[in-house]
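One structure, as structure tokens, below. Some questions next.
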Amino acid sequence: MIEVQGLTKHYGAFTAIRDVTFDVAPGQIVGFLGPNGAGKSTTMRILSCFMPASGGTARVAGYDVFSQSMEVRRRIGYLPESVPLYTDMRVAPYLDFVAEVKGVPRATRKRRVAEVMDKCLISDVQYRLISGLSKGYRQRVGLAQAIVNDPHVLILDEPTIGLDPRQITEIRALIKSLAGEHTVILSTHILPEVSMVCSGVIIINKGSVVAQGPIDSLVEAFFPLSRVQVELAAPPDSAREALRGIPGVRDVRDVLTGDGTAAFAVEAARDRDVRGEIFQLAIDQRWRLLELRREGMTLEEVFMKIVAGEEAGEPEPRVPAEPVPAHETTS
Amino acid sequence: MKIWPIMKKELRLYFTTPVAYGVMFFFLLVMGYFFFSIFSFYTMASMQSAMNPQMARDLNPTDSVMRPLFSNMSVILLLLMPLVTMRLFAEERKNGTIELLLTYPVRDGAVLLGKFFAALVLYVVMLVLTLLYPGIVMYFTRLEWGPILTGYVGLLLMGATFIAVGVCISSFFENQIMAGTATFVVLLMFWVIGWSGDAAGGIWKTVLSELSIIEHFDTFAKGIFDTKDIVYYVNFTLLALFIGLKSLETRRWKG
Ligand SMILES: Nc1ncnc2c1ncn2[C@@H]1O[C@H](COP(=O)(O)OP(=O)(O)OP(=O)(O)O)[C@@H](O)[C@H]1O
Ligand SMILES: [Mg+2]
């Protein structure tokens with residue numbers, strides 16, 4: 001649905017994005033991540049046909065964003081980062097204007113506008129001036145204008161910024177409900193949001209894509225090991241030795257050793273759950289088990305590792321380049 | 001071409017904010033003052049001319065009321081129209097709404113024309129309101145229709161040029177005041193260019209006075225349709241709109 005190939009954009013002498021390549025399969029919700037200034041908004045502006053790229057190609061909904069821009073624009077909904085709205089207009093007339101410009105037929109326009117206002121929970125402010133709305137409401141009006149023409153592809157630049165916790169949940173649910181029929185690419189700095197809403201991610205840093213794929217396989221690629229936190233009331237040295245002896249354990253690192261207690265991080269192969277064996281070990285040795293916790297590797301850690309690794313100039317792990325599988329959303 | 005929705009939106013913004021009413025109010029106020037002084041001068045002169053038959057022959061309401069009124073109007077419009085057009089693109093660029101507008105399925109040309117026609121509609125409303133003045137004159141005395149008609153056609157053409165220049169220049173600026181000022185300066189230049197022609201003399205005089213944006217209006221005010229003048233305004237308008245379109249397209253490239 002979105003095919004980006006070698007996309008490059010120069011602002012004067014400055015290169016904002018360089019050779020960006022990725023694919024988003026139809027019906028997917030993909031998170032577009034990266035630190036500030038990475039080039040997320042720049043890429044999205046090109047995808048939404050606001051500005052042409054300096055090099056490379058991008059196809060959205062099957063059409064080239066440069067040479068068939070009208071076809072693309074008919075099929076997308078775009079929410080820019082700054083949520084620019086006509087503040088001197090009232091909500092309902094504004095959405096009616098957008099619907100008309102986007103070619104929603106006259107006969108269904110009124111109903112369609114009412115529908116999206118319901119969906120975005122802004123019916124109660126429909127007669128208010130946009131200038132008088134709070135940031136969260138404006139955000140929702142922005143989202144409403146993006147989906148008013150029922151677009152195939154949604155390009156949302158930080159759609160949940162400025163919303164209160166309840167609204168965030170509602171808007172996430174709304175975005176999630178769009179999966180399947182719509183293809184969504186959304187940028188955000190809230191990483192748990194990505195795990196909740198998106199099936200795949202694209203991580204971009206300093207203008208280049210550094211990782212992409214389904215979240216699980218990304219985490220796997222960057223963290224091939226699983227980690228268990230253990231705290232035992234035991235002599236540290238013998239406890240360490242015993243833990244090392246458990247089959248499948250690759251490494252045992254000291255976290256904290258003190259008066260008769262010892263805390264370790266035990267790393268094992270990803271598909272091995274060593275907690276049972278550790279528990280059994282404690283019983284056999286008559287050590288008191290104070291803590292036993294399997295640590296999930298989160299997208300945050302992947303993100304930090306990638307971005308920090310880039311900064312330190314470390315070689316990056318190999319990343320699965322396969323596109324996100326179709327019709328599959330992780331919760 | 002989706003000119004209509006854009007035009008409707010701009011008109012809505014003109015008439016739901018104080019812009020349109022403010023401009024119309026000041027326009028009518030200033031024109032009312034001019035009309036009042038011109039008309040009372042005319043009535044005084046015509047009373048005196050009752051005793052002086054030679055003077056009476058030269059005195060007719062078309063030449064002594066409508067022509068000066070039209071030429072005053074053209075100058076006031078030159079001052080006022082930049083205020084109408086300055087917001088058209090500058091405001092969108094400042095607020096960033098241009099980023100959304102230019103990703104909707106409308107051509108840049110339709111956006112430009114929508115804005116142009118919206119300002120033109122507001123301008124026509126302003127012109128219609130000034131029909132009050134010939135109406136008052138007609139109440140007191142006989143007035144020829146011809147010169148009034150040509151005068152208004154001339155005003156329409158000239159105003160369209162002002163608006164096209166304003167829309168075009170607005171697309172270059174993010175700041176409305178800058179856009180308005182620049183429009184005013186450009187229009188003023190095309191007005192005073194005729195005067196420098198007078199000073200230059202010879203071939204330059206003809207060339208420069210042909211370029212003058214207000215000199216071409218004079219023939220309309222006299223009640224004459226001259227193709228040359230119509231062609232001048234139409235071409236000027238099209239040229240300004242074309243430059244505006246190119247400027248919009250270049251803005252995109254710069255992002
Ligand atoms: N119009 C512009 N002119 C010049 N440089 C620009 C322009 N827009 C963006 N940039 C630069 O391009 C780079 C990428 O910007 P972009 O807005 O795409 O980042 P981003 O990933 O969206 O960041 P953020 O997370 O802060 O939104 C930045 O270094 C920015 O300074
Ligand atoms: Mg951004």
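Just so it is clear, the structure is predicted and the values come from calculations on it, not from any experiment. Throughout, a chain's letter reflects where its sequence line sits, starting with A, and its residues are numbered from 1. Atoms considered below: every heavy atom in the structure, side chains included; atoms not considered: hydrogens, waters and symmetry mates.
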(request) State whether the side chain of A:R73 and the backbone N or O of B:L102 hold a donor-acceptor pair below 3.5 Å, judged by distance alone. (result) yes
(request) Report the distance from atom OH of A:Y94 to atom CG of B:L13, rounding to the nearest 0.5 Å. (result) 11.0 Å
(message) As an exercise: rank A:P93, A:G142, A:S82 by heavy-atom pairs under 4.5 Å with chain B and give me the winner.
(response) A:P93
(message) How close do A:C49 and B:T103 get, counting heavy atoms only, and between which atoms?
(response) C-CG2, 4.3 Å
(message) Would you say CZ of B:F15 has more than 12 non-hydrogen atoms from neighbouring residues, nucleotides or ligands within 6.0 angstrom?
(response)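 More than 12 within 6.0 Å, yes.
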(request) For residues B:E99 and A:D157, determine if any side-chain heavy atom of one lies less than 4.5 Å from a side-chain heavy atom of the other. (result) no
(request) Examine whether an atom of B:T17 lies under 4.5 Å from a heavy atom of chain A, and if so say whether it belongs to the side chain, the backbone or both; otherwise answer neither. (result)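 The answer is the side chain of B:T17.
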(request) Take atom CG of A:L133 as the centre, draw a 6.0 Å sphere, and report whether it contains more than 12 heavy atoms from other residues, nucleotides or ligands. (result)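 Atom CG in A:L133 is packed in, count exceeds 12.
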(message) For B:R107 versus A:M70, what's the shortest heavy-atom pair and its separation?
(response)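 Taking B:R107 first and A:M70 second, the nearest heavy atoms are N-CE, 3.5 Å.
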(message) Is the shortest side-chain heavy-atom distance between A:Y86 and B:K9 below 4.5 Å?
(response)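 Result yes, sub-4.5 Å side-chain heavy-atom pair found.
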(message) Heavy-atom count check: over 12 atoms from other residues, nucleotides or ligands less than 6.0 Å from B:F25 CZ?
(response)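 Atom CZ in B:F25 is not packed in, count stays at 12 or less.
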(request) Tell me, for B:T16 versus chain A, whether the close heavy atoms (under 4.5 Å) come from the side chain, the backbone, both or neither. (result) side chain
(message) Just checking B:M178: does its CE atom have more than 12 heavy atoms from other residues, nucleotides or ligands closer to it than 6.0 angstrom?
(response) no
(message) To the nearest 0.5 Å, what is the distance between CG on A:L79 and CG on B:L100?
(response) 7.5 Å
(request) Provide the closest heavy-atom pair for A:K102 versus B:K2 in the form atom of the first, atom of the second, distance. (result) C-NZ, 4.4 Å
(request) Verify the neighbour count for atom NZ of A:K135: are there more than 12 heavy atoms of other residues, nucleotides or ligands below 6.0 Å? (result) yes
(message) What part of A:A146 gets within 4.5 angstrom of chain B, counting heavy atoms only: side chain, backbone, both, or neither?
(response)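 For A:A146, there is no contact with chain B at all, as no heavy atom is under 4.5 Å.
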